[in-house]
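Take a look at the structure below.
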Amino acid sequence: MARRALITGITGQDGSYLAEHLVSEGYEVWGLVRGQSNPRVARLPKDIHLVRGDLLDQGSLISAVEKVRPDEVYNLGAISFVPMSWEQAELTAEVTGMGVLRMLEAIRVCSSRGGEIRFYQASSSEMFGQVRETPQTEVTPFHPRSPYGVAKAYGHFLTQNYRESYGMYAVSGILFNHESPRRGAEFVTRKVSLGVARIKLGLATELRLGNLEARRDWGFAGDYVRAMHLMLQAAKPEDYVIGTGRTQSVRELVEAAFSAAGLDWERYVIADQALHRPAEVDLLCADPKKARTQLGWEPTVPFEELIAMMVESDLRLLSEGGDP
Ligand code: GDP
């Protein structure tokens with residue numbers, strides 16, 4: 001019988017790549033969806049099964065897990081855009097933080113009736129925040145710098161705690177920023193790739209950005225979902241850092257994106273103080289050695305190639321009149 005996976009956040013960037021990967025691995029894939037009104041649900045491939053439920057509603061998660069009886073649960077659902085977490089701090093805590101508790105409880109209750117359910121939690125490099133050391137590893141202490149980072153740290157520690165308290169196979173992947181043509185338009189890589197495409201096509205004349213000096217470790221989302229799956233196949237449940245081990249500034253991202261379209265960024269980019277954050281994460285850089293040695297995981301798409309892929313995709317999308 002096919003293995004069954006239940007994914008929360010299936011309509012997001014990672015959910016879509018993970019669903020495709022698991023289908024290609026022979027899984028029966030189920031997505032937790034809140035309702036029918038989300039247009040992205042209608043666009044999911046036909047081989048994805050849907051089950052109703054909400055990370056804010058404990059009973060709905062128990063019902064969903066009971067109905068699907070998954071072998072693996074991937075918790076990717078979250079309020080995930082950092083600036084929004086200041087505007088809606090309580091909702092972020094409820095969905096991104098307490099949602100982990102509710103899903104772990106649903107799994108604990110349902111698996112006590114027999115059958116192991118493995119759990120993957122989408123932890124985030126934003127937990128490192130004001131970093132204590134560089135590069136960051138599985139044992140680097142956390143100092144989150146946004147309500148989002150704080151909520152993710154809660155989910156991370158809770159996943160560890162359920163593993164230790166109940167012997168559950170529950171793991172966290174501490175994923176550094178991962179991008180793709182499917183990235184939400186509010187994140188900086190996609191904002192830049194869309195901005196470059198608009199300027200190239202004569203649809204815009206400038207691009208306003210915030211802090212150009214922030215540094216991130218940016219990889220390709222398609223690579224990172226393979227790591228999620230590998231983590232749940234390991235002999236022992238452990239947490240892993242997933243990143244490329246390289247870091248670039250927003251300024252370098254901008255240079256790479258404009259040059260991919262043959263444009264000089266300095267003519268178009270305006271650094272806008274209003275887009276700076278109340279507290280910033282200045283530098284992130286992963287040490288993915290553990291994932292490489294224990295899982296055999298490697299990133300395959302270098303930074304410049306990733307950015308060029310996103311610019312090309314947005315040029316195509318906008319010139320065909322598509323909706324980002
Ligand atoms: P995050 O690392 O999860 O917050 O991912 P983002 O893509 O939203 O932001 C990455 C970095 O880019 C942060 O340090 C932002 O401050 C910086 N940045 C600079 N300008 C912008 C902008 O216009 N939009 C966003 N989203 N980030 C920006």
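Here the structure is a predicted model, which is why all the values come from computation and not from measurement. Counting starts at 1 for both ligands and their atoms, in listed order. In what follows, every heavy atom counts, from backbone to side chain, and hydrogens, waters and symmetry copies are set aside.
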Going by the atom numbers of ligand 1, which of them fall below 4.0 Å from some non-hydrogen atom of [X]?
X: N211; value: 17 (C), 18 (N), 19 (C), 20 (N)
X: V82; value: 3 (O), 4 (O)
X: F81; value: 8 (O), 26 (N)
X: A214; value: 14 (O)
X: K191; value: 22 (C), 23 (O), 24 (N)
X: N177; value: 1 (P), 2 (O), 3 (O), 5 (O)
X: E126; value: 1 (P), 2 (O), 3 (O), 4 (O)
X: L209; value: 20 (N), 23 (O)

(request) Just need the protein heavy atom nearest to atom 16 (O) of ligand 1, so name the residue and atom and give the distance. (result) E280 OE2, 2.6 Å
(request) Note the single closest protein heavy atom to atom 26 (N) of ligand 1, along with its residue, its atom name and the distance in Å. (result) E186 O, 3.0 Å
Test of proximity, [X] against ligand 1: N or O pairs below 3.5 Å:
X: G210; result: yes
X: R183; result: no
X: W218; result: no

(request) Compute both the distance and the angle, then confirm whether R190 meets the cation-pi test with F187: under 6.0 Å from the six-membered ring centre, within 45 degrees of the axis. (result) no
(message) Is the positively charged end of R216 above the ring of F176, judged by distance under 6.0 angstrom from the centroid and angle within 45° of the axis?
(response) no
[X], portion touching ligand 1 at heavy-atom distance under 4.0 Å:
X: V188; value: both
X: L212; value: neither
X: V250; value: side chain

Distance alone, cut at 3.5 Å: any donor-acceptor contact between the side chains of [X] and [Y]?
X: D287; Y: T137; answer: no
X: T300; Y: E298; answer: no
X: Q233; Y: H229; answer: yes

(message) Could you walk me through whether F220 and Y17 satisfy the ring pair (Phe, Tyr, Trp, His ring centres under 6.0 Å) test, starting with their C-alpha distance in whole Å, then the side-chain angles of each, then the deciding distance to 0.1 Å, before giving a yes or no?
(response) CA-CA 11 Å; F220 172 54; Y17 280 110; 5.6 Å; yes
(message) Tell me whether R102 contacts the main-chain N or O of L55 through its side chain, where contact means a donor paired with an acceptor under 3.5 Å.
(response) yes
(request) Hey, can you tell me if Y268 and F258 have their rings parallel, tilted or perpendicular (30° and 60° cut-offs)? (result) parallel
(request) Determine the interplanar angle of the H178 and Y224 rings, folded into 0 to 90°, and report it as parallel if under 30°, tilted if 30 to 60°, perpendicular if over 60°. (result) parallel
(request) Starting at CG of L203, measure out to CZ of R198 and round the result to the nearest 0.5 Å. (result) 7.5 Å
(message) For H156 and F142, I'd like to know if the aromatic rings sit close, meaning centre-to-centre distance below 6.0 Å.
(response) yes
(request) Could you pull out, from H178, R216, R277, the option with a heavy atom nearest to atom 4 (O) of ligand 1? (result) R277
